[in-house]
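Since the structure is predicted, the reported quantities are computational estimates derived from the model, not experimental observations. Reckoned from all heavy atoms, side chains included, excluding hydrogens, waters and symmetry mates. We number each residue from 1, following the sequence as shown.
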Amino acid sequence: MSERFGGKAVFRSALLITGSTYVAYAAGLVTNMIIARGLGPADFGRYSYLVWLSGLLVVFMNNGLTTSAIRFISECMGREDAPAARKLHRWFAARHWAACAVVGGVFLAALPWVKPAGWDGHLLTFAAVALAAALARAWYLFGVSVAKGHGLFGLEAASVSLLAVANLVAAGIGLLAGAHLLGFLLIFVLHSLAHPLVIARWSRKAGVQADPGESDPALLARVRPHLYWTVVLTFAAALSNKSVETFLLNSLVGPEAVGFFTIAAALTRGGVDLLSSGLTTILMPTMAHAYGAGGVERVSRITSDAARYFQYLGLLLAGVGAFWAAPAIQIMYGPKFAEAALLLEVMVVVGGLTLTQGTFGALLSTTDNQRVRAGVAVFSVVFSAVTALLLVPRFGIIGAVVAHAISSVVVLVVVALLVVRTLKIQLPLADVGRMLLAAAGGAALALPIALLAPGLLGRLAAGVVYAVAYIACSLFLRVWYTRDMAVIGSVAQRITFLRGVPALLERWSRPA
């Protein structure tokens, strides 16, 4: 069982998940484009708001249970104690369903205050769609999290790809049939309901199951405080992740603004997932396994490496995304959605620059510092809410994106300082400095192209030039270490046409 968390296995899992994310993202992108073009800005804004609200319910239903399940089930597997992992599975499952019932009841009571702007359908229809989809996806995410705790990362990869392609086909049929808002919402519900059915079947086949026995009281004494703080953390993070801005835009500006804001947020999230999903998915299980096997010292090394990897990918995303934002909106959504381009430029740059925040959050959770992480999350939601309340009523959609940018950068700085102070971990600032220099080199070569040829082709070419120049500059500045190349080499040796790449790259690496 422990071989699932070995270096080569983890790297292969990261590649698998990244590949599946490419499939899911491409399918989801086209699906979203189809729905937007079929509905137009106003109805697409209402559709986006309902999907966002359903997703928010999923976060509240799962709260800290999925994170804590990954954390402690992985740790049990790291100690080679599978019976304890199965008992924890049952303990978490009971609390998961209780949370679903409570959140569902609160949502039904709040219906008049959370409906989409301009909604002229029956209120119960809106409630049924949002709640059914939320319950199904919450069930799915819980099952996926337990599988990750067992090192079974492939279950999520396969299910995400399969269901995303099915959703694309359904959306295409809906467009050809002339579906309106309710038709696309029906597709959304059916797609959501398919998720738990798939993961439940595959989990049984993989032998992931709960044990009705009682968990060790000493273990639960560690699990409970971790879970309590994770609940606080998750609620705060959910409310600070563009949630206040989305709610205010729906209430004060209108459904079109929600649609533009949602498109920019979705494309940014997609770009982040394309580059970092593999690392993100395996990060906490790997940290937890290392913590169970070797304590804080072993986790510290993983943290430093992860921070470097995330920052490198983040700078790549920020540069390419800034140049490609306007062409992406123009090609995929058409002139009716042109207002989303500026929002996307800001969001993708901010998303890239703050990509390392996930590393620090996983570290605090893994090392039983949930109280610190929860404190950061509470600060985040308060700061985000205040910023949004100050800017959105006055500046509308521009105020929303500026509020998001300010709060994201401030929160990253705060959590980085707390990690250094709490865990005495040295951040790879010198390595990040080299990456920033590489990014500056890429921008210096790409920016003149964008200025001289500001049209679609010029912006696309500038993005390509930035990516190539950034990677080349990073090699010239020797951003990578020899040990990084060793990991890449162990995988590349399995692929014939890549076998010579590690030796070539090793010339541009440096010893640790």
Self-check item: Approximate separation, where rounding is to 0.5 Å, of Leu29 CG and Tyr333 OH
Solution: 5.5 Å
Quiz prompt | CD1 on Ile35 to CD1 on Ile187, rounded to 0.5 Å | solution = 7.0 Å
Quiz item: Can you tell if the side chain of Trp324 reaches within under 4.5 Å of the side chain of Val464, non-hydrogen atoms only?
Solution: yes
Self-check item: Smallest separation among heavy atoms of Ala133 and Phe188, with atom names
Solution: CB-CE2, 3.4 Å
Self-check item: Test side chain to side chain contact (heavy atoms under 4.5 Å, CB included) applied to Val419 and Thr359, step by step
Solution: CA-CA 10 Å; Val419 163; Thr359 303; over 6 Å; no
Quiz prompt | Ring geometry between Tyr466 and Phe323 (parallel below 30°, tilted from 30 to 60°, perpendicular above 60°) | solution = tilted
Self-check item: Euclidean distance, Leu344 CG relative to Phe261 CZ, rounded to 0.5 Å
Solution: 11.5 Å
Quiz item: Out of Leu418, Val411, Leu417, which one pairs with Val414 under the side chain to side chain contact (heavy atoms under 4.5 Å, CB included) rule?
Solution: Leu418
Quiz item: How many angstroms lie between atom CG of Leu389 and atom OG of Ser384, to the nearest 0.5 angstrom?
Solution: 10.5 Å
Under 3.5 Å, side-chain donor or acceptor atoms of residues 430-457 against the rest of the protein: list the pairs with distances, not counting sequence neighbours.
{"residue": "Asp431", "atom": "OD1", "partner": "Tyr481", "partner atom": "OH", "Å": "3.0"}
{"residue": "Asp431", "atom": "OD1", "partner": "Arg510", "partner atom": "NH2", "Å": "2.4"}
{"residue": "Asp431", "atom": "OD2", "partner": "Tyr481", "partner atom": "OH", "Å": "3.0"}
{"residue": "Arg434", "atom": "NH1", "partner": "Leu477", "partner atom": "O", "Å": "2.5"}

Quiz item: Aromatic ring centroids of Tyr470 and Tyr312 under 6.0 Å?
Solution: yes
Exercise. Go through the steps to decide whether Phe383 and Ile406 satisfy the test side chain to side chain contact (heavy atoms under 4.5 Å, CB included), and finish with yes or no.
Key: CA-CA 9 Å; Phe383 188 85; Ile406 293 172; 3.8 Å; yes
Practice problem: Please name the pair of heavy atoms, one in Ile397 and one in Ala257, separated by the smallest distance, quoted to 0.1 Å. | Solution: CD1-O, 3.6 Å
Exercise. Taking Arg459 for its side chain and Ala322 for its backbone only, find out whether a donor-acceptor pair lies under 3.5 Å.
Key: yes
Self-check item: Under the side chain to side chain donor-acceptor pair (under 3.5 Å) test, residues paired with Thr387 that sit two or more places apart
Solution: none
Quiz item: If you measure from the Lys or Arg side-chain nitrogens to the Asp or Glu carboxylate oxygens, is any gap between Lys336 and Glu256 under 4.0 Å?
Solution: no
Quiz item: When you look at Val144 and Tyr140, which way does the side chain to side chain contact (heavy atoms under 4.5 Å, CB included) test go after all the steps?
Solution: CA-CA 6 Å; Val144 162; Tyr140 167 79; 3.5 Å; yes
Exercise. Please tell me if the side chains of Val410 and Phe379 come closer than 4.5 Å, counting only heavy atoms from C-beta onward.
Key: yes
Practice problem: Under the side chain to side chain contact (heavy atoms under 4.5 Å, CB included) rule, what do Ile34 and Leu168 come out as? Steps first, then yes or no, please. | Solution: CA-CA 9 Å; Ile34 288 172; Leu168 170 60; 3.9 Å; yes
Practice problem: State, to 0.1 Å, how close Ala325 and Ala341 come at their nearest heavy-atom pair, and which atoms those are. | Solution: CB-O, 3.9 Å
Exercise. May I ask you to decide if the ring planes of Phe260 and Phe337 are parallel, tilted or perpendicular, using 30° and 60° as cut-offs?
Key: perpendicular
Quiz item: Is there side-chain contact between Val51 and Tyr47, with at least one heavy-atom pair below 4.5 Å?
Solution: yes
Self-check item: Short side-chain to backbone donor-acceptor contact, His191 and Leu163, under 3.5 Å
Solution: yes
Quiz item: Distance from Leu355 atom CG to Leu412 atom CG, nearest 0.5 Å?
Solution: 10.0 Å
Quiz item: Any idea which heavy atoms bring Ala388 and Glu245 closest together, and the distance?
Solution: CB-CG, 4.1 Å
Quiz item: Rounded to the nearest 0.5 Å, how far apart are CZ of Arg37 and CZ of Phe44?
Solution: 11.5 Å
Practice problem: Please name the pair of heavy atoms, one in Leu56 and one in Ser243, separated by the smallest distance, quoted to 0.1 Å. | Solution: CD1-OG, 3.8 Å
Quiz prompt | N/O donor-acceptor pair under 3.5 Å between Ser408 side chain and Ala405 backbone | solution = no
Practice problem: Looking only at non-hydrogen atoms, find the nearest pair between Ala171 and Thr31 and report the distance. | Solution: CB-CG2, 3.7 Å
Quiz item: Of Thr262, Ile329, Asn32, which is the lone residue that meets side chain to side chain contact (heavy atoms under 4.5 Å, CB included) with Leu267?
Solution: Ile329
